[in-house]
Q: 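Structure provided below as structure tokens; questions to follow.
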Amino acid sequence: QVQLVDSGGGSLQAGGSLRLFCVASNYPHGLYMENYCMGWFRQSPRKEREGVALWGRGGRTSYADSGNVRFIISQDKPRNTLYLQMHSLKPENTAMYFCAAVQCRRWQLIQSRADFTSWGKGTQVTISS
């Protein structure tokens, strides 16, 4: 199963920007990053894990309603890295952010958290007012 290492979290004040990284490795034989749907999820205390931004095969993307916070998901295949750029962050964006992946079909976009089979350990994002 593909392994994911997420990083880039930190503590900053409201209004700031942050970029998260997810490096994928240990692909099953014959598979590459382009064979996977990926996404960023987050979880704060006493809340369920929720989707933030999704990446489908062919570059399709989907974002959760984020109000005025701007999220951009992107991918660098040669570096096997998925990114989440976040701008105008608010205290309510404080959470542990997780990268996830699942092998999927061409042009597919996986939206359900339950369908993702590989997860990073998470990176903490803390936004102060």
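In this chain, numbering begins with 1 at the start of the sequence shown.
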Q: Roughly how far, to the nearest 0.5 Å, is the CG atom of Leu82 from the OG atom of Ser74?
A: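 Output value for this atom pair is 7.0 Å.
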Q: How about Asn80 and Tyr27: do any of their side-chain heavy atoms sit closer than 4.5 Å?
A: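 Answer yes - side chains close enough.
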Q: Are the side chains of Gln103 and Leu31 in contact, using a 4.5 Å heavy-atom criterion?
A: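 Of all side-chain heavy-atom pairs linking Gln103 with Leu31, at least one is under 4.5 Å.
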Q: Quick one, Asn26 and Val2 - any side-chain contact, counting heavy atoms below 4.5 Å?
A: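 No, their side chains stay 4.5 Å or more apart.
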Q: If two hydrophobic side chains count as joined below 4.5 Å and joins carry through other members, does Phe21 share a cluster with Leu12?
A: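 As far as the 4.5 Å side-chain criterion goes, Leu12 and Phe21 are not connected within one cluster.
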Q: Hey, quick one: are Trp55 and Met33 part of the same hydrophobic cluster, counting side-chain heavy atoms closer than 4.5 Å, chains of contacts allowed?
A: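 Looking at the clustering, Met33 is in the same group as Trp55.
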Q: Taking the cut-offs as 6.0 angstrom to the six-membered ring centre and 45 degrees off its axis, would you call Arg113 and Trp119 a cation-pi pair?
A: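 No; the conditions do not both hold, so Arg113 does not lie above the ring face of Trp119.
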Q: For Arg79 and Thr81, which heavy atoms make the closest approach, and how far apart are they?
A: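 For Arg79 and Thr81, the tightest heavy-atom pair comes out as O-OG1, 2.8 Å.
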Q: Holding to ring pair (Phe, Tyr, Trp, His ring centres under 6.0 Å), I want the full list of residues that pass it with Phe98, two or more places apart in sequence or in another chain.
A: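 Partners of Phe98 by the ring pair (Phe, Tyr, Trp, His ring centres under 6.0 Å) criterion come out as none, since no residue qualifies.
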Q: Kindly check if the number of other-residue, nucleotide or ligand heavy atoms within 6.0 Å of OH (Tyr63) is above 12?
A: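 Yes - once you tally the heavy atoms of other residues, nucleotides and ligands closer than 6.0 Å, there are more than 12.
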Q: To the nearest 0.5 Å, how far apart are NZ in Lys77 and CD in Gln75?
A: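 Output value for this atom pair is 4.5 Å.
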Q: When you check the gap from the basic side-chain N to the acidic O, do Arg57 and Glu34 get nearer than 4.0 Å?
A: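 Not counted as a salt bridge, because no side-chain N and carboxylate O are separated by less than 4.0 Å.
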Q: Rounded to the nearest 0.5 Å, what separation is found between the CG atom of Leu4 and the SG atom of Cys99?
A: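 Spacing of CG (Leu4) from SG (Cys99) equals 4.5 Å.
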Q: Treating Ile, Leu, Val, Met, Phe, Trp and Tyr as nodes and any side-chain heavy-atom pair under 4.5 angstrom as an edge, say whether Ile72 and Met38 lie in one connected cluster.
A: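 The answer is yes; both residues are in one hydrophobic cluster.
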Q: Treating Thr123 as the side-chain partner and Asp6 as the backbone partner, does any N or O pair qualify as donor plus acceptor under 3.5 Å?
A: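 Checking the backbone N and O of Asp6 against the side chain of Thr123, no donor-acceptor pair under 3.5 Å is found.
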Q: With side chains defined as the heavy atoms from C-beta onward, is the minimum distance between Ser88 and Arg70 less than 4.5 Å?
A: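 With C-beta onward as the side chain, the pair stays apart.
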Q: Cluster question for you: counting only ILVMFWY and a side-chain heavy-atom cut-off of under 4.5 Å, with indirect links fine, are Leu89 and Phe41 together?
A: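 In one cluster: no.
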Q: Check the hydrophobic clustering (I, L, V, M, F, W, Y; side-chain heavy atoms under 4.5 Å; chains of links allowed) and say if Leu18 and Val52 are grouped together.
A: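 Looking at the clustering, Val52 is in the same group as Leu18.
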Q: May I ask you to test the Ser62-Leu109 pair for a side-chain heavy-atom distance under 4.5 Å?
A: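 Answer yes - side chains close enough.
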Q: Kindly give the heavy-atom pair with the smallest separation between Ala53 and Leu84, and that separation in Å.
A: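 Closest approach of Ala53 to Leu84: CB-CD1, 3.9 Å.
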Q: Please check if any side-chain donor atom of Tyr83 sits under 3.5 Å from a side-chain acceptor atom of Arg19, or the reverse.
A: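 Their side chains do not contain a donor-acceptor pair, so the 3.5 Å distance test is not met.
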Q: Please check if the side chain of Thr94 supplies one atom and the backbone of Glu92 the other of a donor-acceptor pair under 3.5 Å.
A: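 No, Thr94 side chain to Glu92 backbone: no donor-acceptor pair under 3.5 Å.
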Q: Are the side chains of Pro28 and Gln1 in contact, using a 4.5 Å heavy-atom criterion?
A: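 Not touching, per the 4.5 Å side-chain cut-off.
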Q: Working to the nearest 0.5 angstrom, can you tell me the gap between Arg60 CZ and Leu54 CG?
A: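 Here the rounded value is 10.5 Å.
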Q: Measuring from Thr126:OG1 to Met96:CE, what's the distance to the nearest 0.5 Å?
A: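 So the gap between those two atoms works out to 8.5 Å.
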Q: Hey, what do you get for CH2 (Trp40) to CE (Met86), rounding to the nearest 0.5 Å?
A: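 These two atoms lie 8.0 Å from each other.
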